[in-house]
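Below is one structure, written out as C-alpha cells, with a few remarks after it.
Residue indices begin at 1 and follow the sequence shown.
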Amino acid sequence: MRVLLIGAGEMGSRHLQGLAGLPAGSAVAVLEPREAARAVALQRWQQMPGHDAVPLRFLEDGEGWGGFDAAILATGATGRLDLLRRVLEAGIGIVLAEKVLFQSVADYRAAVLLAAALGADVRAHVPLRHVPVLQKLRAHTRDKPFTLTVAAGDRGLGCNGIHFLDLFQYLGGMPPASVEAIIDRPLQVNRRDPALVEFTGTLNAANAAGAELRIRFSPGHERLAVLTVETADGRAVIDQAGSVESDIAGLAGLGFEMPMASRMAAGMLAGIADGSSPLPDLAEGFETNRLMLAAYNRDLAGQHADDLVCPIT
C-alpha cells in the first residue's frame, strides 16, 4: 500500500510510526512543511521496529499527489474540505481523517457528497471502536436503553468530545437523536491554532432507543476519562488508565488499553481497504457530528446555521 500522510505534527508523527507496520512492498510519503516537525517525525519513525523495510520520503511543495492508494489527514480541521477534495481528486480512494472532521455542517455535507461521487471511503479516526472491551460491551447495549457517563479532566472537550459521542453511537447502534452542550467559561485559546478555542464543559445526548450519554470534562486537572456504562445486564466502569470493573458477562478479566495511532495506523488502513473496519465513514458519522456542531454553536455563538463555522479543531 502506498500511503500519503498529510501533516506530521504531534498526531501525524504518531500515525507515521504506525505506518512502519505496513506490509512488504508498501511505501510512505509525508507532506509536512515545518522543518522542526519533520525532524521529530523522522526521529519517531526511526524508533519503530521494521521501519527500514518501508521506504519513506518527505514531499516538497508542489509535488503531485498521484499514485497513492491511501491517505491520512493529520492536519487541523480548518480547510479540511478543500484538503479532502484535493486528495480525492488525485485519485486516492481510502482516507483516514483526524477529528474534528469539519468545522461546519455545510462542509461536512459537501464532503459526504464528494466522497460518494468519487467512490472514496473516508473514515474518521475515532479509535475507541477498536477497543476489545468496548466491542464486547456492544452486545449488551446495541438497540437497547443504557447509560454512558464519561468523567474526564481538562483534556479538550471541543477536540475530544466526539470520541465519546461516536462511542455512544457505536454502542447504541444508532446516532443520537439530540445533543446539548454547556460550555465552561472562560474559553481557552486553542494550543494548535490561536484563532480557535478549546474548553471544558458538559455534553448530554440521547438516542431513539432511550439510551443516554453524559460527558463532563472538568477544569483543574487532566485526568484520563472514566467511562461508566449501566445496562440491563449489569454495570461496567472502564478507566482509560487501564482498569475495568464489571459484573457484565463476558467482560470479566478484560482491561483497557488505549488505542494508539503509533501501533494501529497500518492496521486501520488495511481494515478500511478490506471492508472490516469498525470506524465510521462520513455518511455514518454525519448526524452525530451535525448535532455536536449545532450544540457547540448554540452555546458559543447563541445560534446555529449549517454554514456557521465552529471554532474548534
Side-chain angles (χ1 to χ4, degrees), residues 7 73 75-89 95 97-118 120 122-126 150 156-170 172 174-208 211-217 279-313:
L73 309 186
T75 59
T78 303
R80 175 64 58 77
L81 178 60
D82 289 341
L83 178 61
L84 178 64
R85 181 179 290 110
R86 183 177 173 189
V87 165
L88 299 189
E89 289 179 349
V95 179
E98 270 302 324
K99 46 71 191 159
V100 173
L101 288 173
F102 303 96
Q103 294 169 315
S104 76
V105 174
D107 277 6
Y108 197 129
R109 183 177 287 112
V112 173
L113 296 175
L114 176 66
L118 295 178
V122 183
R123 306 275 177 140
H125 182 238
V126 280
V150 179
L157 182 63
C159 176
N160 291 311
I162 188 60
H163 281 300
F164 304 105
L165 280 166
D166 177 76
L167 178 62
F168 182 63
Q169 175 174 349
Y170 174 70
M174 64 186 76
S178 64
V179 177
E180 297 296 332
I182 304 172
I183 294 172
D184 295 336
R185 297 315 196 262
L187 301 174
Q188 305 166 18
V189 175
N190 193 292
R191 63 182 178 83
R192 297 182 181 89
D193 183 343
L196 306 177
V197 300
E198 192 49 271
F199 41 82
T200 54
T202 301
L203 277 176
N204 295 318
N207 72 16
E212 296 182 352
L213 169 67
R214 296 188 288 268
I215 304 172
R216 174 62 184 164
F217 279 40
L279 299 176
D281 64 16
L282 290 180
E284 181 184 349
F286 175 79
E287 186 65 6
T288 296
N289 279 267
R290 182 188 74 81
L291 290 169
M292 178 191 73
L293 290 170
Y296 287 158
N297 279 338
R298 284 193 298 267
D299 190 290
L300 291 169
Q303 62 178 326
H304 172 69
D306 282 359
D307 60 353
L308 181 62
V309 172
C310 185
I312 59 173
T313 189

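Here the straight-line distance linking atom CG of D306 with atom OG of S104 works out to 8.0 Å at 0.5 Å rounding. L213 CG to F164 CZ: the interatomic distance, rounded to the nearest 0.5 Å, is 9.5 Å.
When the shell of 6.0 Å around CG of L113 is examined, it contains more than 12 heavy atoms from other residues, nucleotides or ligands.
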Before giving the answer on side chain to side chain contact (heavy atoms under 4.5 Å, CB included), spell out for Y170 and V126 the whole-Å C-alpha distance, their side-chain angles and the decisive distance to 0.1 Å.
CA-CA 10 Å; Y170 174 70; V126 280; over 6 Å; no
For Q103 and T313, what are the C-alpha separation, side-chain angles and deciding distance, and is it a side-chain hydrogen bond (donor to acceptor under 3.5 Å, both in side chains)?
CA-CA 7 Å; Q103 294 169 315; T313 189; 5.3 Å; no
Between F199 and I312, does the side chain to side chain contact (heavy atoms under 4.5 Å, CB included) criterion hold? Intermediate values first, please.
CA-CA 9 Å; F199 41 82; I312 59 173; 3.8 Å; yes
Between D107 and L293, is a side chain to side chain contact (heavy atoms under 4.5 Å, CB included) present by the stated rule, with each step listed?
CA-CA 11 Å; D107 277 6; L293 290 170; over 6 Å; no
Full working for side chain to side chain contact (heavy atoms under 4.5 Å, CB included) between V179 and L203:
CA-CA 7 Å; V179 177; L203 277 176; 3.9 Å; yes
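E98 places no side-chain N or O within donor-acceptor distance of the main-chain N or O of H125, the cut-off being under 3.5 Å. The backbone N or O of E287 lies less than 3.5 Å from no partner atom in the side chain of Q169, so there is not a single donor-acceptor pair. Without hydrogens or angle criteria, D166 side chain to I162 main chain gives no donor-acceptor distance under 3.5 Å. Judged purely by atom type and a 3.5 angstrom limit, N190 uses its side chain to pair as donor or acceptor with the backbone of V197. Side chain of R80 to main chain of T75: a donor-acceptor pair is present (N/O by atom type, distance under 3.5 Å, no hydrogens or angles).
L81 places none of its side-chain heavy atoms less than 4.5 Å from the side chain of Y108.
Of the residues listed (D281, V122, L282), the one engaging V112 in a side chain to side chain contact (heavy atoms under 4.5 Å, CB included) is L282, and it is the only one.
In summary, E284 and R123 do not engage in a salt bridge, as defined by a charged side-chain N under 4.0 Å from a carboxylate O. Using a 4.0 Å cut-off between a side-chain N of Lys or Arg and a carboxylate O of Asp or Glu, R109 and D307 do not qualify as a salt bridge.
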